[in-house]
Amino acid sequence: MKLNKKQLSAVRYLDGPLLVLAGAGSGKTGVITNKIAYLIVECGISAKRIVALTFTNKAAREMKERVSNQLGSKKARGLHISTFHTLGLKIIRQELKQLSYKKNFSIFDSEDSRSVLTEIMKVELGDESGKAQEVQWAISSWKGQLVSPEQALSQSDDAQAQMAAQLYVRYQAVLRAYNAVDFDDLIYLPVELLRSNLEVLERWQNKVAYLLIDEYQDTNSSQYELIKMLVGPRLALTVVGDDDQSIYAWRGARPENMKHLNDDFPGLKVIKLEQNYRSSGAILKAANTIIANNEHVFEKTLWSDRGFGESLRVIRVKDETHEADTVASELMSHRFKHRTSYNEYAILYRGNYQSRAFEKALREYNIPYHLSGGTSFFSYTEVKDLMAYVRLMVNNDDDAAFLRIVNTPRRDIGASTIEKLANYASIREISLFAACFELGLEQHVSKRALSSLQRFSQWVVESSDRALRSDPVDAVKEMIRSMDYEMWLRDNSATEKAAERKINNVYELTDWMQRISDNSEAEKSLSDLVRHMVLMDILERNEEDSKGDHVQLMTLHAAKGLEFPYVFMVGMEEGLLPHRTSIAEGSIEEERRLAYVGITRAQKNLTFTLASKRKQQGEWTAIEPSRFLSELPEDNLMWEGLGVEVNPEQQQEKGQAHLANLRDMLG
DNA sequence: TGGGGTGATATTTTT
DNA sequence: TATCACCCCA
């Protein structure tokens, strides 16, 4: 990759902390990868001491790939390119003693955390489990702001926050007892440790000779704190980001961290990358015009030496169904005229549910499509169950895993037995698993229940032992065999097809474990393997998707970082984009950034659609065009489709004419 | 009284 | 597609 002047100066700047303000499509990842190469080759910094952080596994994977293509995998060896969470995990693993966790600790994903919370709430408040999600969100945002349970308690003034804070205290104690951490702890615990222990802090600061951060605008407070701790007085830091693409404020991202950099690092150098290599002039003009309506800390204007290209189109349609039909037929005829392939098109929308109508229309037109952001592999019940089995094998104190699978498949251990066991365990302050072995238990449960429990726990012991003694993946396979899991899945699926799918997922999971185990020299124990998996997602999926010739359907959020020659941005309506809750909250700027992200995904041509009515709460409601459309340069927009009034007959004629047209073209 | 079945309803998502 | 609320039946 050939760098322009600005990019080159960003790569070579080493005199202090650097903020690279990288507009959409300005080659920001290239700057990071080139800088890593530069640090190793020209500055002689050991690869082992360079850390680059991203937010997603995919971004980390791509970055690794690009660096090793550039340098050769030999020179790139030892580089630490990972997500924030993976780095956090690494710190925790190495500092277990300071943190007083045992080395077989579990990582809970959001669903595990929620079920822990639901349990706690059942005990503490009776039955308000419906609110578990809200409390979970509150705890997560506390942790993201480095607020400890005790601080949360003292800060909360209203009753509801007070309640949430008390649940936070309980929750954290329970995690400890389970020897488990949640996702937020992966950042929170390292930061707390680095803050409080000077020796540890210095050790880690010495490990990091240079730190690079991608998508900096997405950092939350705890991540920013981690960055500051690691950088230390050396100030060897490059962050790359674009405040105009900050679309995750609702998740705790703090775009103002961009501003804080200025205060926290007085010598901060700012380099702007404003040349765009992606989009036509018309698209850039639209992007610049719309985002100029936001307040800015750092001003920037994208430009390009590509031609102006085609005007942007706005198509008004009747309703949801008509919108999907229009997009499908526009896409068909465009593809035919320009001899393009399907994967050059993307349909972007605000909410996942909007995809339904498009899926239906695309199927009717026989257009292959791929929907991203569907159910992840790890949310399938059979995968979750199996992961719980493996977790319990590794960490017998993981009560969340125990509860999930103790009676799946059926082992005649019913709810009342579990309750008695839980009571017994909580009085003795031991885990459910440990309680199964206590002699005193027989006074509390029936003889039959006791023998079921003992059979189960004995079986877990055997599985655990096997995992320690023999190959971990073999041990998992043996465990699956010994409980006849496949048979159970067959018997408990609605259809043959569903059973096949589930069994397939089980194989996919074990194959995947095998692959990870084969690929890494460091991670050998089952304990490491399972933690690794919780943080990762199945790689193959993404790769498969980009290979196939499919139209891409996704949310505007999911589209960040991607680009497509031809883009349809649908549902350009008040209430949808900007979303009505954002209008109510007054957070229009974030919605505008979302529109900006959408617009800047397009390379050659961009089409907006909007319906004049949409079904809302079962009622057909008239719809206003999105305010963002009126912010776009007027002479740059071509309005098509329905006028103000809807004449169904005329519409039908038009549709038929279009179909005839299409038939002509296809011969 | 509780659980399962049905129908309506929809911000955005990663780790 | 998933969740949630509501209703009905046991």
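Quick note on labels: first sequence line is chain A, next is B, and so on, each numbered from 1. These numbers were taken from a predicted model, which means no experiment stands behind them.
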Which part of the nucleic acid does [X] contact within heavy-atom distance under 4.0 Å: base, sugar-phosphate only, or nothing?
X: A:Asp109; answer: nothing
X: A:Thr581; answer: base
X: A:Asn57; answer: sugar-phosphate
X: A:Ser355; answer: nothing

How many Å lie between [atom1] on [X] and [atom2] on [N], as a whole number?
X: A:Arg363; N: C:dT1; atom1: CZ; atom2: C1'; answer: 12 Å
X: A:Glu134; N: C:dT3; atom1: CD; atom2: C1'; answer: 15 Å
X: A:Asn220; N: B:dT13; atom1: CG; atom2: C1'; answer: 14 Å
X: A:Asp182; N: B:dT14; atom1: CG; atom2: C1'; answer: 13 Å
X: A:Leu553; N: C:dT1; atom1: CG; atom2: P; answer: 14 Å
X: A:Glu111; N: C:dT3; atom1: CD; atom2: C1'; answer: 12 Å
X: A:Asp184; N: B:dT13; atom1: CG; atom2: P; answer: 18 Å
X: A:Leu535; N: B:dT15; atom1: CG; atom2: P; answer: 9 Å

Ring centres under 6.0 Å, that's the criterion: do A:Phe564 and A:Tyr345 meet it? no
Quick check on DNA chain B: between A:Thr83 and A:Glu585, whose nearest nucleotide comes earlier from the 5' end? A:Glu585
Which comes earlier along DNA chain B counting from the 5' end, the contact point of A:Phe55 or that of A:Gly351, where each point is its nearest nucleotide? A:Gly351
Closest non-hydrogen atom pair between A:Met63 and A:Ile32, with its separation: SD-CG2, 3.7 Å
Where the side chain of [X] is defined as all heavy atoms beyond and including C-beta, which of [options] is the nearest nucleotide?
X: A:Trp250; options: B:dT15, B:dT13, C:dT1; result: B:dT13
X: A:Arg251; options: B:dT14, B:dA10, B:dT15; result: B:dT14
X: A:Arg356; options: B:dT15, C:dC4, C:dT1; result: C:dT1

What orientation do A:Tyr216 and A:Tyr224 show, parallel under 30°, tilted 30 to 60°, or perpendicular over 60°? perpendicular
Check the orientation of A:Tyr168 and A:Trp142. Use parallel for under 30°, tilted for 30 to 60°, and perpendicular for over 60°. parallel
With a cut-off of less than 4.0 Å, is there a side-chain N or O of A:Asn352 near OP1 or OP2 of B:dT13? yes
Report yes if a side-chain nitrogen or oxygen of A:Gln354 is closer than 4.0 Å to either non-bridging phosphate oxygen (OP1 or OP2) of B:dT12; otherwise report no. no
Between B:dT14 and C:dT3 - P atom distance, rounded Å: 15 Å
Which one of A:Asp182, A:Asp398, A:Asp112 satisfies the side-chain hydrogen bond (donor to acceptor under 3.5 Å, both in side chains) criterion with A:Ser106? A:Asp398
